[in-house]
Protein chains: 2
Amino acid sequence: MSDPAPTATARRTRRHDPHRRDRLIGAALQVIAQRGVAGASHREIARAADVPLGSMTYHFASLDEILAEAFTRHADGIARVFDERLAAARTRDEAVEAVVTLVAGDLLSPGHDLVLTVELYVAAARNPRLKAVTQAWMQRSRDALERHFDPTTAREVDALIEGLTLHSALSTDPMSPAQIRHAIERYLR
Amino acid sequence: MSDPAPTATARRTRRHDPHRRDRLIGAALQVIAQRGVAGASHREIARAADVPLGSMTYHFASLDEILAEAFTRHADGIARVFDERLAAARTRDEAVEAVVTLVAGDLLSPGHDLVLTVELYVAAARNPRLKAVTQAWMQRSRDALERHFDPTTAREVDALIEGLTLHSALSTDPMSPAQIRHAIERYLR
DNA sequence: TGGTCATGCGTACGAGCGTACACATCATGC
DNA sequence: GCATGATGTGTACGCTCGTACGCATGACCA
């Protein structure tokens, strides 16, 4: 995407690559989105970042560490948008609108790989480090919603958002923005 | 669980094991629940079923085939309960009650491995055969809901159920049956 | 300017994997 | 009772994997 490897053509002298660690985390997310956590091996990530295999163990103590950092970045990115949209809303109606935009906009933005989130959920089921990442993310979402809604509503809306997102992600016949709006407004208005 | 291998103690003469194929599918689900799809290897499943490795390739053409059959059984089981509960409901109120029971009952039943469903979703993202399984399951759920609700409501409730289920599955602080009832009734009444 | 250490690179090792395949054995039908 | 084919079993092959490790190099600072 952005910040490509320096001179991808000149293979010989590739030394001095600051931000390589960051690039590797980005490459990991790319590989996970494309091949899943199962396909995210050291070698595959290194290939995606155009970096030698040995570089992986230098920058990360283990595969686990790479996954944790990658998913943390993923969750932080989504949570930030969530925060910003809801913080900008001044009335309850604007907050409802923000939620609609979040779901419909998130779903429809082609660059946003929904499958990454599901991959995180599965991985978190067996990896305490990743479980902590998802928990923190959920808490952050709920806090953002509680700016405008009572805790019970916030929790329920959070679950609804989850379901709408997942359903659209998995269906070959995804819900239209209008349907998403309808579902959310039915619940919140 | 039930239907154990014949005479698990006598290891030598274990031949003549009808239903072995069925047992293997069950063992596969067990392994997936415990170690995930990533950990569901021929060897692991064979070990869980107390069967030699060679038996796997005899009964299944590939790992893919085992996964497809296992997840089909999983989805069918849940869908059947779904169907039955909703078919038994005679009024709209009873239907609402049935949905509450399905979610809260499903979630709370300790034997029911929720993680299996998430595993299916992730696997389906990259496996057309499994994608077909999830699609058929979703359609069946929606059809069952449409016995009592209009199509739009059915779809939205289906998504809500998904979200409630997933949220409870992932949270260390799962929603109480009362909370689940509250969310569903708020939407349907 | 020269030394040093963070960083980069290539390769090797042992383990687990899917799958293939040759051989053993017994239920079944004649 | 016996032939036969379905079913069961053990092992081997080639591959990818995570990780370790020794050596190379050049950025940075005294």
Side-chain angles (χ1 to χ4, degrees), chain A residues 3-28 31-32 34-70 123 126-127 129-130, chain B residues 3-28 31-32 34-70 123 126-127 129-130:
Chain A
D3 197 6
T7 63
T9 49
R11 311 305 261 21
R12 223 25 357 159
T13 54
R14 206 159 13 19
R15 325 199 80 260
H16 188 50
D17 179 10
H19 318 116
R20 172 173 289 194
R21 197 170 190 281
D22 275 349
R23 279 204 308 116
L24 286 174
I25 294 172
V31 171
I32 294 169
Q34 202 159 4
R35 312 207 189 269
V37 169
S41 64
H42 276 143
R43 286 168 175 82
E44 205 66 43
I45 296 168
R47 198 172 302 133
D50 188 31
V51 142
L53 172 62
S55 196
M56 299 302 296
T57 51
Y58 176 74
H59 286 287
F60 302 94
S62 70
L63 244 195
D64 224 60
E65 183 175 315
I66 308 177
L67 292 184
E69 301 232 19
R126 289 179 193 80
N127 185 326
R129 213 159 157 181
L130 296 181
Chain B
D3 197 6
T7 62
T9 50
R11 311 305 262 19
R12 218 38 342 165
T13 54
R14 203 149 30 7
R15 326 199 78 261
H16 188 50
D17 179 11
H19 318 117
R20 172 174 289 195
R21 198 171 188 281
D22 275 349
R23 278 204 309 116
L24 286 175
I25 294 172
V31 171
I32 294 169
Q34 201 160 4
R35 312 207 188 268
V37 168
S41 65
H42 276 143
R43 285 168 176 82
E44 205 65 43
I45 296 169
R47 199 171 303 134
D50 189 30
V51 143
L53 172 63
S55 196
M56 299 302 296
T57 52
Y58 176 74
H59 286 286
F60 303 93
S62 68
L63 243 195
D64 224 60
E65 184 176 315
I66 308 177
L67 292 183
E69 301 232 19
R126 290 179 191 80
N127 184 325
R129 214 158 156 183
L130 296 181

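Just so it is clear: chains get the letters A, B, ... in the order the sequence lines come, proteins before strands, and each one is counted from 1. Keep in mind that this is a model prediction, so the values were computed, not measured.
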| field | side-chain hydrogen bond (donor to acceptor under 3.5 Å, both in side chains) against Glu65(A), all qualifying residues, sequence neighbours excluded | value | Arg21(A)

| query | Mind checking what makes side-chain hydrogen bond (donor to acceptor under 3.5 Å, both in side chains) contact with Arg126(A), not counting sequence neighbours? | reply | Glu119(B)

| remark: Per the under-4.0 Å heavy-atom filter, residues of residues 41-48 of chain A near DNA chain D come out as Ser41(A), His42(A), Arg43(A)

| request: Under the salt bridge (Lys or Arg N to Asp or Glu O under 4.0 Å) rule, collect the residues that match up with Arg129(A), sequence neighbours excluded. | output: none

Atom-pair distance ([atom1] on [X]; [atom2] on [N]), nearest Å:
{"X": "Asp50(A)", "N": "dG8(C)", "atom1": "CG", "atom2": "P", "answer": "13 Å"}
{"X": "Leu63(B)", "N": "dT19(C)", "atom1": "CG", "atom2": "P", "answer": "6 Å"}
{"X": "Asp22(A)", "N": "dT7(C)", "atom1": "CG", "atom2": "P", "answer": "13 Å"}
{"X": "Met56(A)", "N": "dC21(D)", "atom1": "CE", "atom2": "P", "answer": "19 Å"}

| query | Under 4.0 Å between a side-chain N or O of Tyr58(B) and OP1 or OP2 of dG8(D)? | reply | no

| note | Across all chains, not counting sequence neighbours, the side-chain contact (heavy atoms from CB on, under 4.5 Å) partners of Ala48(A) are Ala27(A), Val31(A)

| Any residue meeting side-chain contact (heavy atoms from CB on, under 4.5 Å) with Ser55(B), in chain and number order, not counting sequence neighbours | Arg20(B), Val51(B), Pro52(B), His59(B)

| query | Mind checking whether Glu69(B) and Leu24(B) have side chains closer than 4.5 Å, heavy atoms only? | reply | no

| Pair listing, salt bridge (charged side-chain N to carboxylate O under 4.0 Å, His left out) test, anchored in residues 53-64 of chain B, at least two apart | none

| Can you tell me which stems DNA chain D forms when a stem means 3 or more consecutive Watson-Crick or G-U pairs under 3.5 Å? | C:1-30 with D:1-30

